[in-house]
Amino acid sequence: MASTTSSSSSSHYRLIYFPIRGGGELSRAILTKACVAWTDDTITRERWGTSPATEQPSMPFHQLPVLVETDAATGAELLRLGQSHAVERFLAARLGLAGTGDRPRALADSMAESLVDLREAFRRFLDAETAATDDAPRAAFFKALRETLAHHERFLARQGDPATAVLGGGVEEGPFYLGAEMTYVDIMATLLIERFEDEFTAAALEGEDAVAGWASLPRFKALLDAVRADAVLGPYLASADRKPMTWDRFRERAAAAAATAAAAAAAAEKEKEKEKEAAAAAAAAAEEE
């Protein structure tokens, strides 16, 4: 990773988003990878209500995520930025995860836009699946997935071929889109595949109708493995404390937590009753003596 700029070390970042991964997760991962001072400000539905007392009116476009940059020394607000893609690319450029040099950065951005298209295809699948009576939406999405990842595999394979290299001279070969240099796009690809695995399960995604067990995508699979094995990102991605993937997962987690709390409260109450009964029995025995 390229070194961070001096302005980043004098800034504090606050990322404001809902308690799910969604449009805030790539920015969270970038901030985590960069090891800078930042606050993950999880906003509740109550805080995001429509009354004048809520924070919604102070947010650009009245949408989330929003990134707030402040001066680490004075606390003065330097930037309030909306729109997830703008936030991601600002952080990547500021924190050394956008690529080194204009051409490599442009190539990284082009791969990112390809992933945005794939994410939109996935959203269309989710919308169509609800009303579908057959497997047509699933088949259409997997077709888009295969075609997109095939393009990415070819891009990754060409970086080490002097005859067709897309990155030019001076780029060290490695597992990432820009060779040995990890960028936000590598993280973006990993998070997107993670979302697909959550929807279809990893086994289904690796089936013949999806990516053929990754056999035809060795370079892309190596990219995913390298991101997941990163000394900083790996523990974050594997952490049980990460935000739930979707609102459904959030509700499931909240219900499970409520059930656990209720069971603990019931057990504590039962223990108190036992203690009362024991104390009453001891008192009765003492009176008989």
Side-chain angles (χ1 to χ4, degrees), residues 1-102 104-106 108-109 112-113 115-116 119 181-188 190-192 195 230 232-233 235-237 239 241-247 250 254:
M1 184 187 73
S3 61
T4 58
T5 62
S6 58
S7 58
S8 68
S9 62
S10 62
S11 293
H12 182 277
Y13 302 96
R14 178 165 66 106
L15 184 69
I16 308 170
Y17 194 59
F18 298 114
I20 60 171
R21 297 182 195 178
E25 189 63 6
L26 178 52
S27 292
R28 292 188 188 110
I30 291 170
L31 288 160
T32 298
K33 171 61 178 172
C35 300
V36 294
W38 71 286
T39 300
D40 188 0
D41 188 356
T42 300
I43 196 164
T44 62
R45 288 186 180 274
E46 290 73 23
R47 281 177 62 193
W48 194 244
T50 56
S51 70
T54 68
E55 294 186 40
Q56 187 177 141
S58 68
M59 302 298 167
F61 311 106
H62 294 181
Q63 295 176 339
L64 295 179
V66 165
L67 179 74
V68 178
E69 179 190 7
T70 56
D71 186 292
T74 67
E77 185 169 314
L78 305 174
L79 176 69
R80 182 170 290 247
L81 183 64
Q83 295 295 333
S84 59
H85 295 173
V87 171
E88 292 155 6
R89 293 185 183 181
F90 168 77
L91 287 173
R94 172 65 69 83
L95 302 177
L97 285 165
T100 304
D102 293 343
R105 280 197 297 269
D109 286 344
E113 288 302 314
L115 293 172
V116 169
R119 185 168 57 200
E181 181 183 10
M182 183 190 294
T183 68
Y184 80 100
V185 192
D186 304 293
I187 305 171
M188 182 181 184
T190 305
L191 295 179
L192 195 58
R195 176 65 182 95
D230 182 77
V232 176
L233 278 178
Y236 172 78
L237 295 175
S239 173
D241 295 330
R242 285 178 70 193
K243 298 291 191 295
M245 185 71 73
T246 62
W247 281 112
F250 172 79

- Nearest-0.5 Å distance, OG1 of residue Thr42 to CZ of residue Phe18: 11.0 Å

- Quick one: are Val116 and Met188 in side-chain contact, heavy atoms under 4.5 Å? yes

- Message: What's the separation between atom CZ in Arg28 and atom CG in Asp40, rounded to the nearest 0.5 Å?
- Response: 4.5 Å

- Message: Looking at Tyr236 and Ala29, would you say the former's side chain and the latter's main chain have a donor-acceptor pair under 3.5 Å?
- Response: no

- Message: Give me the atom names and distance for the closest heavy-atom approach of Ala112 to Val185.
- Response: N-CG1, 3.7 Å

- Side chains of Glu69 and Leu81: closer than 4.5 Å at any heavy-atom pair? no

- Note on the structure: Distance col, row Tyr184:OH vs Leu26:CG, nearest 0.5 angstrom, shows 8.5 Å

- Message: Side chains of Pro60 and Val66, heavy atoms from C-beta outward: is any pair under 4.5 Å?
- Response: yes

- Task: Measure the spacing between CD1 of Ile30 and OH of Tyr13 and express it to the nearest 0.5 Å.
- Result: 11.5 Å

- Is a donor on one side and an acceptor on the other found under 3.5 Å between the side chain of Arg242 and the backbone of Leu237? yes

- Query: Taking the side chain as C-beta and beyond, is there a heavy-atom pair between Ser27 and Leu67 under 4.5 Å?
  - Reply: no

- Query: Do the side chains of Leu15 and Val87 get nearer than 4.5 Å, heavy atoms only?
  - Reply: yes

- Kindly indicate whether the side chain of Arg14, heavy atoms from C-beta on, has any atom under 4.5 Å from the side chain of Thr70. no

- How many angstroms lie between atom CG of Leu31 and atom CZ of Arg94, to the nearest 0.5 angstrom? 11.5 Å

- Side chains of Leu97 and Leu91: closer than 4.5 Å at any heavy-atom pair? no

- Query: Would Arg195 and Glu25 pass as an ion pair if we require N to O under 4.0 Å?
  - Reply: no

